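Note sheet for the following structure.
Quantities reported herein were computed from a predicted structural model and do not represent experimental measurements. Residue numbers run from 1 in the order of the sequence given.
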Amino acid sequence: NVSLHPKGVSVYPVTRRIPAQLIADMRTAAYAGVQATMQTLFSQSGLGVTLQCPADLLIEDAGGRRTGLLNGSRVNEIPGAEIRSIGLMETYRLPRGGNYRLRVMGQDAGAASLSLRSAAASNRLDLAAYTNLPLTAGCRWEGSIDGNGALGGMADGSGAGIRKPD
């Protein structure tokens, strides 16, 4: 509650009791949601790459086929690969078992987040992520994914070194 007084604003704490059964129901619903999400991830045995930022991602397989954005145009030459975009977030699904090269190309100043999800048939989910990759227009970060789904280090175009996943 907020009330106005001639000398200023007064704020009174608001308290609310939440029934124990409501908390238990919320916990059960959250657990069911996490379990359903994990089952979906495991059923999609493959690699998932997500990029959030003002940048484009281009993925190339060992045969030179590309998936992603090249000069502002979408390409999808890798058999079995999928691309999904929502705003500044791009999600890629890649066939498991291949070696891939990644190129993140800055489109504007900011920071990128790049993550890799690798779901194996053994009900194991491997995650690797880079957060706050610094970007400028025209900059480039390069990295790789090996045949086992492991994300290697990302090197910036300046040759300043390799950054390991967070």
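Here the closest heavy-atom approach between residue Met105 and residue Gln107 is recorded as O-NE2, 3.3 Å. Closest non-hydrogen pair, Leu51 versus Ala112, comes out as CD1-CB, 4.3 Å. The two residues Asp156 and Trp141 make their nearest non-hydrogen contact at N-CE3, 3.6 Å. Taking all atoms of both residues into account, the shortest heavy-atom contact from Asp56 to Gly72 is OD2-N, 4.4 Å. Shortest non-hydrogen contact noted between Leu94 and Ala81 is CD2-CB, 4.1 Å. The two residues Gly110 and Pro54 make their nearest non-hydrogen contact at CA-CG, 4.4 Å.
Glu142 has its side chain out of reach of Leu102: every pair of non-hydrogen atoms, C-beta onward, lies at least 4.5 Å apart. Contact check for Arg84 versus Met89: no side-chain heavy atoms found under the 4.5 Å cut-off. Side-chain contact between Pro95 and Ile78: present, with at least one pair of heavy atoms (C-beta onward) separated by less than 4.5 Å. The shortest side-chain heavy-atom distance between Leu114 and Met154 falls under the 4.5 Å cut-off. Residues Tyr100 and Val49 fail the side-chain proximity criterion, which asks for heavy atoms closer than 4.5 Å. By the 4.5 Å heavy-atom criterion applied to side chains, Leu58 and Leu69 are not counted as neighbours.
Contacts of Arg65 classified as salt bridge (charged side-chain N to carboxylate O under 4.0 Å, His left out), with partners at least two apart in sequence or in another chain: Asp61. Residues satisfying the side chain to side chain donor-acceptor pair (under 3.5 Å) test with Gln52, not counting sequence neighbours, are none. Every salt bridge (charged side-chain N to carboxylate O under 4.0 Å, His left out) that Glu77 has, sequence neighbours left out, goes to Arg66. Shown here are the side chain to side chain donor-acceptor pair (under 3.5 Å) partners of Asp108, two or more places apart in sequence or in another chain: there are none. For Thr50, the side chain to side chain donor-acceptor pair (under 3.5 Å) test picks out no residue, with sequence neighbours left out. In this view, Asn99 and Asp146 satisfy the side-chain contact (heavy atoms from CB on, under 4.5 Å) rule, not counting sequence neighbours. Taking Tyr92 as the reference, Glu90 meet the side chain to side chain donor-acceptor pair (under 3.5 Å) condition, with sequence neighbours excluded.
In this structure, CZ in Arg117 is found 9.5 Å from OG1 in Thr91, a value given to the nearest 0.5 Å. Rounded to the nearest 0.5 angstrom, Leu70 CG and Leu57 CG are separated by 11.5 Å.
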Is there a side-chain hydrogen bond (donor to acceptor under 3.5 Å, both in side chains) between Thr67 and Arg74? Walk through the geometry before answering.
CA-CA 8 Å; Thr67 293; Arg74 186 179 280 197; over 6 Å; no
